Amino acid sequence: MAEFSRTDVVARAETVVIKVGTNVLADSTGTLDRARIQSLTEQLVRSRSGGRRVVLVSSGAIGAGVGRMGLGKRPTDLPHLQACAAVGQCALMQAYQESLSPHGIHAAQILLTASDFDNRVRYLNARHTILTLFEYNCLPIINENDTVSVAEIKFGDNDHLAAMVANLLQAPLLILLTNVDGLHTGDPRQDANAKLVETVPHIDKSVTELAAATTSELGTGGMRSKLRAARIATAAGSAVIMANGSTDGILDAVFGGQTVGTLFLPHGEALSARRRWLAFTARPRGALRLDEGAHRAVESSGRSLLPVGVVEITGTFGKGEVVSICNREGVEFARGLTNYSSADAERIRGLATEQILRVVGKVPYVELVHRDNLAVIG
Ligand code: GLU
């Protein structure tokens with residue numbers, strides 16, 4: 001993949017997810033920057049030429065709510081944040097629709113929660129709706145459904161949501177627009193020598209260490225959350241470009257193949273839609289810790305996971321739910337759908353098939369997790 005040029009990345013991206021952060025769209029009091037929205041929308045419309053399908057993941061609802069209600073600063077507790085989101089989401093969509101109308105394009109609001117991604121039926125419904133909106137030539141604009149998301153099940157930030165949407169659509173390119181030029185070797189706001197990293201072939205520890213724990217007054221993102229999102233998207237086969245949404249003409253530059261921002265190259269095979277869901281979208285309900293032999297068999301030899309290789313089971317899960325599959329040290333390297341509930345799995349853990357037959361009297365499934373229902377996470 002390393003030989004991919006920017007032009008290749010853009011040319012191959014027939015579907016693109018573009019995420020715009022609160023800082024790009026609103027000032028520190030939450031007032032929406034209409035000129036910025038107008039300009040981004042125009043570029044976005046241009047980027048759809050040649051039939052490219054574009055989805056916007058837009059933050060800014062809470063910020064815009066703060067602005068519209070004249071609160072001066074962002075509240076801190078969940079109910080007030082949710083109330084701001086409810087007010088601000090209208091302002092945000094209104095601003096987008098006004099910018100899109102001269103182009104004859106309808107804005108289509110989609111509000112999603114983490115549990116919509118967890119539940120495969122709702123996940124597929126969201127996918128069908130977005131694909132149908134493409135047919136109608138609408139612009140899907142996605143945000144988290146903040147009014148119903150509670151702390152434990154929140155995406156927390158729209159970077160993560162955008163990576164999930166890229167997964168949902170198997171989009172070859174995710175663009176994260178923020179208020180810095182990209183990933184730097186230091187924090188550019190504090191360190192004048194910090195240099196922009198143009199290309200990241202693989203997000204490893206040395207890369208994540210570059211991310212300062214940045215947060216902003218109105219948004220919840222920061223470099224760490226962007227890297228987490230980029231990691232999910234690149235591991236599932238998408239390229240990611242992180243760039244400064246406050247720079248004039250940024251999307252034109254990205255789609256023109258110019259070297260702006262940081263390009264994170266996809267690594268590994270592009271996963272199938274189902275494996276993407278399994279590996280990165282559904283929330284695991286428990287974990288299986290394996291011995292070394294089973295770890296090797298699953299990770300390197302493409303085998304199913306048998307009960308005999310499991311040394312520890314944590315969490316409570318039912319048959320058919322998603323579980324984390326971890327090495328001896330407890331580090332997750334795969335996810336899969338379990339054939340046994342946690343209680344049943346505990347009874348057969350560490351046993352070979354003939355022993356299971358003796359102990360339990362029957363062996364409904366030889367595999368604890370069948371290979372077809374398993375995704376190794378790169
Ligand atoms: N859903 C939040 C909003 O629209 C944004 C979360 C974030 O800042 O990433 O305000």
Side-chain angles (χ1 to χ4, degrees), residues 17-34 36-37 40-41 55-97 107-117 126 139-166 174-180 211 213-233 240 242-246:
V17 176
I18 302 175
K19 185 261 171 175
V20 190
T22 301
N23 299 314
V24 174
L25 300 171
D27 67 18
S28 63
T29 66
T31 306
L32 286 176
D33 184 339
R34 305 297 281 237
R36 170 84 37 79
I37 292 179
L40 283 172
T41 309
V55 170
L56 183 62
V57 174
S58 180
S59 300
I62 296 176
V66 172
R68 189 164 263 198
M69 293 194 284
L71 303 180
K73 65 178 173 48
R74 187 182 164 106
T76 48
D77 64 299
L78 197 58
H80 287 88
L81 288 168
Q82 290 172 313
C84 287
V87 172
Q89 183 64 26
C90 303
L92 197 59
M93 291 307 291
Q94 201 178 350
Y96 281 121
Q97 186 56 66
Q109 171 181 270
I110 302 182
L111 299 177
L112 297 170
T113 61
S115 46
D116 295 327
F117 281 76
L139 176 70
I141 304 180
I142 301 179
N143 197 355
E144 181 160 10
N145 192 353
D146 289 311
T147 51
V148 295
S149 297
V150 290
E152 316 75 73
I153 57 148
K154 270 185 88 60
F155 282 111
D157 62 71
N158 276 359
D159 300 318
H160 187 195
L161 171 61
M164 293 298 164
V165 173
L174 165 66
I175 300 175
L176 299 174
L177 292 183
T178 178
N179 62 346
V180 288
T214 51
T215 50
S216 60
E217 270 170 66
L218 288 163
T220 54
M223 197 50 74
R224 260 173 228 250
S225 90
K226 277 171 194 63
L227 281 187
R228 252 199 320 270
R231 203 173 158 155
I232 292 173
V240 177
M242 186 196 302
N244 196 334
S246 314

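Nothing here was measured: the structure is a model prediction, and the numbers come from that model. One-based numbering, in listed order, for ligands and for the atoms of each.
- Atom CD1 of Ile141 sits about 11.0 Å away from atom CG of Leu111, to the nearest 0.5 Å.
- Distances shorter than 4.0 angstrom occur between a heavy atom of Gly60 and an atom of ligand 1.
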**OP:** Please test Ser149 against Asp146 for side chain to side chain donor-acceptor pair (under 3.5 Å), starting from the C-alpha separation and ending with a verdict.
**Re:** CA-CA 5 Å; Ser149 297; Asp146 289 311; 5.5 Å; no

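- Against a heavy-atom cut-off of under 4.0 Å, Asp157 is close to the following atoms of ligand 1: 9 (O).
- Across Leu161, Asn158, Leu81, heavy-atom proximity to atom 5 (C) of ligand 1 is greatest for Asn158.
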Subject >> Stepwise side-chain contact (heavy atoms from CB on, under 4.5 Å) check, Met69 with Cys84 >> reply: CA-CA 8 Å; Met69 293 194 284; Cys84 287; 3.9 Å; yes

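- Considering backbone and side-chain atoms together, Gly63 places no N or O closer than 3.5 Å to any N or O of ligand 1.
- Near Asn143, meaning under 4.0 Å from one of its heavy atoms, ligand 1 places the atoms 1 (N), 2 (C), 3 (C), 4 (O).
- Short contacts between ligand 1 and Asp146, defined as distances under 4.0 Å to a heavy atom of the residue, involve ligand atoms 1 (N), 2 (C), 3 (C), 4 (O).
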**OP:** Could you go through the side-chain contact (heavy atoms from CB on, under 4.5 Å) check for His160 and Ile232 one step at a time?
**Re:** CA-CA 8 Å; His160 187 195; Ile232 292 173; 3.8 Å; yes

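- Polar contact with ligand 1: absent for Asp159 (N/O pair, distance under 3.5 Å).
- Considering Arg224, Lys226, Arg228 in turn, Lys226 is the only one that fulfils the salt bridge (Lys or Arg N to Asp or Glu O under 4.0 Å) rule with Asp159.
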Original post:
Under the side-chain contact (heavy atoms from CB on, under 4.5 Å) criterion, do Gln89 and Thr147 qualify, and how do the steps go?
Top reply: CA-CA 10 Å; Gln89 183 64 26; Thr147 51; over 6 Å; no

